Enquirer: 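Quick one: the structure is below, and I'll ask about it shortly.
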Amino acid sequence: MEMSQEALELKSYFQSYGQGHVFDYFEQLNADQKDQLIEQLKGIHLEELDGLIQTHVLKTEATGGMDYTQLSPSNYIPYPTNDETQALWDEAEVIGKQAIKGGRVAAFTVAGGQGTRLGFDGPKGTFEIAPISRKSLFEVFADKISRASERFETRIPWFIMTSQLNHQATIELFKDHAFFGFDPESIHFFSQELIPSVNLQGKIILEEQGKIAMAPNGHGGSLRALSKSGSIERMREQGIDILSYFQVDNPMISCIDPTFVGFHVMNQSELSSKMVAKTYASEKVGLFCNYKGRDMIVEYSDLPQSYQEQLAPDGALLYNAGNVAVHLFDRDFIERLGNESSEEKLAFHKAFKKIPYYDGEKGMLQTEQNNGVKFEMFVFDALPKANHSIIVEGLREDTFSPVKNAEGVDSPQSCKDAMSRQALRWLNKVEAQVNSDPSDETIVTVEMNFRFAMDESDFIDQWNKLETKPEIKDGCIIGE
Ligand code: UTP
């Protein structure tokens with residue numbers, strides 16, 4: 001059968017960039033498969049991809065490294081330790097509450113990743129994480145944002161970025177759970193773009209005869225996706241100018257943090273970030289550093305060991321500010337960077353990966369070695385582009401315990417433990433009696449219902465309002 005005009009045009013377009021092989025098996029596809037491949041190919045921006053292939057895959061000279069003499073630790077607003085610093089934090093809280101009550105703040109979850117390390121079949125946000133109720137990551141966030149709306153007497157919208165690979169499954173979960181009590185009108189789903197993976201010779205990889213191997217373009221793709229999806233426009237219409245960014249795999253996050261918002265507003269910040277203190281010198285976490293006068297994140301793998309180990313005069317680590325991917329974005333700043341033709345758009349990075357591929361003779365193959373390159377943008381690359389940015393210290397135990405791996409460090413178990421410990425800590429603040437058998441050396445597991453209290457100060461208020469205080473024992477959910 002003859003190729004359609006559309007297919008012929010696409011083929012010559014792909015051939016003009018040396019990618020005509022994506023049509024090698026076209027004649028062996030049935031009509032549906034042909035249509036699907038054509039749809040996929042139509043969505044590929046070959047000019048951009050070709051630029052990435054030329055600079056990241058085919059070019060071999062090394063780019064200039066960093067001049068470490070120009071590097072210093074970033075300044076940050078430290079967690080309050082005395083009355084004076086506490087007064088500043090209290091002031092920020094008041095200002096932040098006003099901004100939230102005034103409807104200026106929306107929540108934003110990036111959930112477009114593939115979660116390969118966790119090895120969970122389905123969108124990561126659907127992973128059950130609450131230690132007792134087994135609520136999913138999405139439901140934990142839904143509870144926290146709903147409680148923030150109630151507490152601040154407003155309606156906080158929630159933007160959720162998926163990718164085309166998990167969009168449908170994500171929406172179905174929300175529908176199956178009646179949007180976790182959220183007003184469906186206040187949840188806005190949109191997908192980030194996918195970008196083809198290429199082999200080490202720069203050729204687009206086919207994962208099946210009629211299917212290109214595509215991957216989401218990184219969490220930095222969220223800035224583009226917010227612009228392209230009309231979310232920025234929607235924010236503007238609703239008077240929202242602050243977006244509270246967090247990642248789907250970290251349920252410890254305070255989704256709407258009034259003090260953080262307050263500091264953002266007070267400093268007219270375009271991009272505010274939370275840091276947590278590193279626990280040991282070689283911890284694998286990106287670090288906030290100042291380079292040539294601008295804040296930026298330096299990946300742990302890019303910072304020489306001697307710098308990682310340097311000590312400040314007080315004996316603490318000099319490069320101490322760990323990045324936990326918790327930010328507040330100014331709407332206009334996102335718009336500036338999210339525009340694809342902007343000079344300030346985020347750059348892509350490359351990552352070598354093992355990518356299953358279709359071989360003409362052997363069919364579909366898995367590989368043991370890195371055979372391809374994925375391209376990703378990183379959201380923290382926005383930091384040096386901000387004219388005003390601030391970094392605020394957060395307590396790790398109230399900020400960060402991500403679910404990355406199936407076991408061990410940053411796993412479901414370590415996160416569940418952290419959630420339970422957080423609830424116990426909050427209970428300790430109100431001197432609640434926790435009934436456990438003293439001879440039992442295992443840790444008591446409790447769970448906070450975040451629909452009841454969204455953070456520590458909220459919990460203290462809510463607890464004090466309870467006429468009868470519940471008995472707290474192993475296995476209980478507080479605020480049910
Ligand atoms: P990670 O960098 O941990 O990647 O994402 P991941 O895809 O979830 O997991 P691995 O590396 O395959 O195991 C951190 C956050 O950024 C989001 C993820 O959904 C997660 O919330 N993300 C990542 C995106 O939204 N899009 C992407 O393209 C990549």
Side-chain angles (χ1 to χ4, degrees), residues 43 52 107-127 129 136-138 140-141 158-167 169-171 173 188-197 213-229 231 243-253 255 273-274 284-286 297 299-301 322-327 329 334 338 346-356 370 372-382 399-412 414-415:
L52 297 174
F108 176 38
T109 311
V110 287
Q114 293 176 294
T116 35
R117 282 170 287 172
L118 183 60
F120 169 66
D121 189 19
K124 213 180 196 181
T126 67
F127 189 83
I129 195 61
S136 65
L137 286 155
F138 277 133
V140 168
F141 299 132
W158 186 12
F159 291 84
I160 298 175
M161 184 181 81
T162 61
S163 85
Q164 284 155 27
L165 305 178
N166 65 17
H167 189 74
T170 303
I171 290 186
L173 173 98
H188 310 295
F189 296 97
F190 59 94
S191 287
Q192 68 180 118
E193 288 171 359
L194 303 178
I195 185 163
S197 304
M214 305 278 274
N217 61 0
H219 37 62
S222 57
L223 304 187
R224 256 189 208 194
L226 281 161
S227 296
K228 278 198 164 179
S229 63
S231 305
L243 202 57
S244 177
Y245 170 106
F246 51 91
Q247 304 194 327
V248 76
D249 50 21
N250 179 22
M252 299 301 286
I253 163 84
C255 301
S273 310
K274 270 203 192 169
K284 291 183 176 172
V285 58
I297 301 290
E299 293 273 41
Y300 65 88
S301 47
N323 174 31
V324 284
V326 176
H327 304 285
F329 276 92
I334 301 175
L346 300 184
F348 276 90
H349 298 254
K350 69 172 171 207
F352 291 105
K353 300 274 177 180
K354 302 177 186 66
I355 302 171
N370 289 336
V373 176
K374 283 188 182 178
F375 299 107
E376 281 190 309
M377 288 178 272
F378 299 151
V379 76
F380 52 75
D381 279 344
T399 309
F400 191 56
S401 181
V403 181
K404 298 282 184 199
N405 307 308
E407 284 173 4
V409 180
D410 296 343
S411 65
S414 64
C415 182

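Residues take their numbers from the sequence shown, with the count starting at 1. One-based numbering, in listed order, for ligands and for the atoms of each. Remember, predicted model here, so these are calculated numbers, not experimental data.
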Enquirer: With a 6.0 Å cut-off on ring centres, are Phe120 and Phe127 close enough?
Expert: yes
Enquirer: Kindly determine whether His349 and Phe375 satisfy ring-ring contact (aromatic ring centres under 6.0 Å, His included), including the steps that lead there.
Expert: CA-CA 6 Å; His349 298 254; Phe375 299 107; over 10 Å; no
Enquirer: What are the atoms of ligand 1, with element, lying closer than 4.0 Å to any heavy atom of Ala111?
Expert: 19 (O), 25 (O)
Enquirer: Between Thr399 and Asn250, what is the shortest heavy-atom contact and its length?
Expert: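 Heavy atoms only, the tightest pair is O-ND2, 2.9 Å.
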Enquirer: Closest non-hydrogen protein atom to atom 7 (O) of ligand 1, residue and atom name please, with distance?
Expert: Gln114 N, 2.8 Å
Enquirer: Check this for me, if you would: do Glu376 and Lys350 make a salt bridge, where the nitrogen-to-carboxylate-oxygen distance has to be below 4.0 angstrom?
Expert: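 Salt bridge between Glu376 and Lys350, a charged N being under 4.0 Å from a carboxylate O: no.
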Enquirer: Quick check on contacts: which atoms of ligand 1 are under 4.0 angstrom from a heavy atom of Lys124?
Expert: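 Ligand 1 atoms under the 4.0 Å threshold to Lys124: 8 (O).
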Enquirer: Taking only heavy atoms of Met161, which atoms of ligand 1 are found under 4.0 Å from at least one of them?
Expert: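 So the atoms of ligand 1 that pass are 25 (O).
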Enquirer: Measure from atom 27 (C) of ligand 1 to every heavy atom in Pro402, Ser191, Gly218 and give the option owning the shortest one.
Expert: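 It is Gly218 whose heavy atom sits nearest to atom 27 (C) of ligand 1.
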Enquirer: Can you label the angle between the Trp158 ring and the Phe138 ring as parallel, tilted or perpendicular, going by 30° and 60°?
Expert: perpendicular
Enquirer: Heavy-atom distances under 4.0 Å are what count here, so tell me which part of Pro216 touches ligand 1: side chain, backbone, both or neither.
Expert: both
Enquirer: At their closest point, which heavy atom of Gly221 faces which heavy atom of Met377, and how far apart are they?
Expert: CA-CE, 3.8 Å
Enquirer: Return the closest protein heavy atom for atom 25 (O) of ligand 1 as residue, atom name and distance.
Expert: Gly112 N, 2.8 Å
Enquirer: For atom 22 (N) of ligand 1, which protein heavy atom lies nearest, and how many Å away is it?
Expert: Gly113 N, 3.5 Å
Enquirer: Answer with yes or no after comparing the ring centroid distance for Phe246 and Phe141 against a 6.0 Å cut-off, counting only values under it.
Expert: yes
Enquirer: Any idea which heavy atoms bring Gly218 and Gln192 closest together, and the distance?
Expert: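 In terms of heavy atoms, the two residues are closest at O-NE2, 3.0 Å.
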Enquirer: Which protein non-hydrogen atom lies closest to atom 16 (O) of ligand 1, naming both residue and atom, and how far is it?
Expert: His219 CD2, 3.4 Å
Enquirer: Between the side chains of Ser191 and Ser163, does any donor sit under 3.5 Å from an acceptor?
Expert: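 Their side chains do not contain a donor-acceptor pair, so the 3.5 Å distance test is not met.
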Enquirer: State the CD1-NZ distance between Ile129 and Lys124, to the nearest 0.5 angstrom.
Expert: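 So the CD1 of Ile129 and the NZ of Lys124 are separated by 10.0 Å.
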Enquirer: Quick test: of every protein heavy atom, which one is nearest to atom 26 (N) of ligand 1, and how far off is it to 0.1 Å?
Expert: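 For atom 26 (N) of ligand 1, the nearest protein heavy atom comes out as Gln192 OE1, 2.6 Å.
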Enquirer: Report the nearest protein non-hydrogen atom to atom 2 (O) of ligand 1: residue, atom name, distance rounded to 0.1 Å.
Expert: Arg117 NH2, 4.1 Å
Enquirer: Would you mind listing which atoms of ligand 1 come within a distance below 4.0 Å of any non-hydrogen atom of Lys404?
Expert: 1 (P), 3 (O), 14 (C)
Enquirer: Measure the distance from atom 12 (O) of ligand 1 to every protein heavy atom, then report the residue, atom name and distance (to 0.1 Å) of the closest one.
Expert: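 For atom 12 (O) of ligand 1, the nearest protein heavy atom comes out as Thr116 OG1, 2.4 Å.
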Enquirer: State the atoms of ligand 1, each with its element, that fall below the 4.0 Å cut-off from a heavy-atom position in Val248.
Expert: 19 (O), 21 (O)
Enquirer: For atom 6 (P) of ligand 1, which protein heavy atom lies nearest, and how many Å away is it?
Expert: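 Of every protein heavy atom, Gly115 N, 3.6 Å lies nearest to atom 6 (P) of ligand 1.
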Enquirer: Heavy-atom contact check, 4.0 Å cutoff: does Gly221 meet ligand 1?
Expert: no
